[in-house]
Trainee: 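Quick one: the structure is below, and I'll ask about it shortly.
The model shown is predicted, which means the values in this text are computed figures rather than measured ones.
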Amino acid sequence: ALQIQITPILADILSAEERTALDRSAQEIRHAWQETKDEFGRRSRDELQFHLVVVTKHTDRVRALMVKADQIALARATGAAEVFDNRAVRATWTILTALLLGISGVLAAGWLTLNYGVKRPLDDAIAAVTRLADGDLVTPVPNPTSTDEIGAILSALAVFRDHAQV
């Protein structure tokens, strides 16, 4: 039963010749053990020793093939782990790059919004207030381009300038 479970795994690791040798050794071990059990007490000590030597010889062969298969599997697992680690590092850098680009994009959009939507109209309003404070009642106040607070300030400044002229 164990051999049936191991065979598909070893098919990818050992050559066909090595798999055949492994099967042959497993059969010889089973056969020698069966003969030892069947002949125990009926045969001479030399025949029992012969069967035990056969079992030992084939067991060593199986062990050598299993060690080789284990080394190959370990090398493949190590290679797969390295590939996985490399992909994880690349994925990490990709995520960090995307995150930094996203944050940079949000910051740039925020700066553009604040610069063109708030700072420039507010600078225009401050310049108009400064001119009015300096007594310049002739230069027009910039027309409000929005209905937000800055637009309200510019509208109020225009009314203030118009009342100051009268």
Side-chain angles (χ1 to χ4, degrees), residues 1-30 56 58-166:
L2 182 59
Q3 187 177 3
I4 293 171
Q5 294 172 343
I6 292 175
T7 301
I9 297 168
L10 294 179
D12 190 39
I13 296 175
L14 297 178
S15 68
E17 181 182 296
E18 291 169 330
R19 288 192 313 271
T20 302
L22 182 64
D23 288 340
R24 192 174 313 120
S25 290
Q27 290 170 356
E28 289 294 327
I29 290 169
R30 279 195 292 283
T56 303
H58 287 289
T59 302
D60 285 343
R61 233 169 147 191
V62 168
R63 183 191 54 76
L65 288 170
M66 288 292 115
V67 166
K68 181 179 179 182
D70 185 51
Q71 290 170 344
I72 292 170
L74 178 63
R76 287 181 181 178
T78 301
E82 288 175 6
V83 168
F84 177 78
D85 289 344
N86 289 339
R87 286 183 180 175
V89 167
R90 280 188 293 180
T92 300
W93 282 109
T94 300
I95 290 169
L96 288 176
T97 301
L99 182 63
L100 288 175
L101 288 174
I103 289 172
S104 298
V106 167
L107 289 175
W111 180 84
L112 289 171
T113 299
L114 288 176
N115 189 48
Y116 292 106
V118 176
K119 187 180 178 305
R120 281 191 178 177
L122 196 55
D123 286 344
D124 291 344
I126 291 171
V129 168
T130 304
R131 284 192 308 271
L132 287 174
D134 290 341
D136 181 5
L137 301 176
V138 178
T139 305
V141 175
N143 290 327
T145 57
S146 63
T147 59
D148 60 2
E149 290 80 5
I150 295 173
I153 290 172
L154 290 174
S155 295
L157 282 175
V159 170
F160 180 76
R161 186 189 61 97
D162 291 341
H163 287 308
Q165 284 179 345
V166 179

Trainee: Enumerate the side chain to side chain donor-acceptor pair (under 3.5 Å) contacts for residues 105-115, please, sequence neighbours excluded, ordered by first and then second residue.
Mentor: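 Residue pairs with at least one partner in residues 105-115: there are none.
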Trainee: Filter on side chain to side chain donor-acceptor pair (under 3.5 Å), then keep only pairs touching residues 83-99, sequence neighbours left out; what's left?
Mentor: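 Not a single pair qualifies under side chain to side chain donor-acceptor pair (under 3.5 Å).
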Trainee: I'd like to check the side-chain contact (heavy atoms from CB on, under 4.5 Å) partners of Tyr116; sequence neighbours left out, ordered by chain and number.
Mentor: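 With sequence neighbours excluded, Tyr116 shows a side-chain contact (heavy atoms from CB on, under 4.5 Å) to Leu112, Arg120, given in chain and number order.
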Trainee: Taking salt bridge (charged side-chain N to carboxylate O under 4.0 Å, His left out) as the definition, give me every residue that meets it alongside Glu18, ordered by chain and number, with sequence neighbours left out.
Mentor: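 Residues passing salt bridge (charged side-chain N to carboxylate O under 4.0 Å, His left out) with Glu18: Lys68.
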Trainee: Could you tell me which residues satisfy salt bridge (charged side-chain N to carboxylate O under 4.0 Å, His left out) with Asp123, sequence neighbours excluded, listed by chain and number?
Mentor: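 If we apply the salt bridge (charged side-chain N to carboxylate O under 4.0 Å, His left out) test to Asp123, skipping adjacent residues, the hits are Lys119.
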Trainee: So how far is it from Leu22 CG to Gln27 CD, rounded to the nearest 0.5 Å?
Mentor: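 Interatomic distance, Leu22 CG to Gln27 CD, rounded to 0.5 Å: 10.0 Å.
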Trainee: Quick one: closest heavy-atom pair of Ile150 and Val118, and the distance?
Mentor: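 The answer is CD1-O, 3.5 Å.
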Trainee: For Leu154 and Asn143, work out which heavy atoms get closest and say how close.
Mentor: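 Smallest heavy-atom distance, with atoms named: CD1-O, 4.3 Å.
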Trainee: Which heavy atom of Val62 sits nearest a heavy atom of Ser25, and at what distance?
Mentor: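 Where Val62 meets Ser25 most closely, the heavy atoms are CG2-CB, 3.7 Å.
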Trainee: Below 3.5 Å, can you tabulate the donor-acceptor pairs from side chains in residues 135-142 to any protein atom, sequence neighbours excluded?
Mentor:
residue: Asp136; atom: OD1; partner: Val138; partner atom: N; Å: 3.2
residue: Asp136; atom: OD1; partner: Thr139; partner atom: N; Å: 3.2
residue: Asp136; atom: OD1; partner: Thr139; partner atom: OG1; Å: 3.3
residue: Asp136; atom: OD2; partner: Thr139; partner atom: OG1; Å: 2.6

Trainee: Can you give me the closest heavy-atom contact between Arg19 and Ala11, atom names plus distance?
Mentor: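 Answer, listing the atom of Arg19 first, then Ala11: NH1-O, 3.2 Å.
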Trainee: Report the residues that fulfil side-chain contact (heavy atoms from CB on, under 4.5 Å) with Asp70, sequence neighbours left out, ordered by chain and then residue number.
Mentor: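 Applying side-chain contact (heavy atoms from CB on, under 4.5 Å) to Asp70 gives none.
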Trainee: Listed by chain and number, what are the side-chain contact (heavy atoms from CB on, under 4.5 Å) partners of Ile153, not counting sequence neighbours?
Mentor: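 If we apply the side-chain contact (heavy atoms from CB on, under 4.5 Å) test to Ile153, skipping adjacent residues, the hits are Ala125, Leu157.
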Trainee: Under the rule for side-chain hydrogen bond (donor to acceptor under 3.5 Å, both in side chains), what residues qualify as partners of Thr56, not counting sequence neighbours?
Mentor: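 Thr56: no side-chain hydrogen bond (donor to acceptor under 3.5 Å, both in side chains) contacts found.
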Trainee: So, using salt bridge (charged side-chain N to carboxylate O under 4.0 Å, His left out) as the criterion, who are the partners of Arg76 when residues are at least two apart?
Mentor: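 Asp12.
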Trainee: Would you name the heavy atoms of Ala73 and Ile13 that are closest together and state the gap between them?
Mentor: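 Taking every non-hydrogen atom into account, CB-CD1, 3.9 Å.
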Trainee: Identify, with sequence neighbours excluded, every residue that meets side-chain contact (heavy atoms from CB on, under 4.5 Å) alongside Val159.
Mentor: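 Per chain and number, Val159 pairs via side-chain contact (heavy atoms from CB on, under 4.5 Å) with His163.
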Trainee: For residues 149-162, which residue pairs qualify under side chain to side chain donor-acceptor pair (under 3.5 Å), counting only residues two or more places apart or in two chains?
Mentor: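 Every pair satisfying side chain to side chain donor-acceptor pair (under 3.5 Å) with a residue in residues 149-162: there are none.
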Trainee: Do Arg63 and Met66 come within less than 4.5 Å of each other through their side chains, counting heavy atoms only?
Mentor: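 Heavy-atom side-chain distance check fails, nothing below 4.5 Å.
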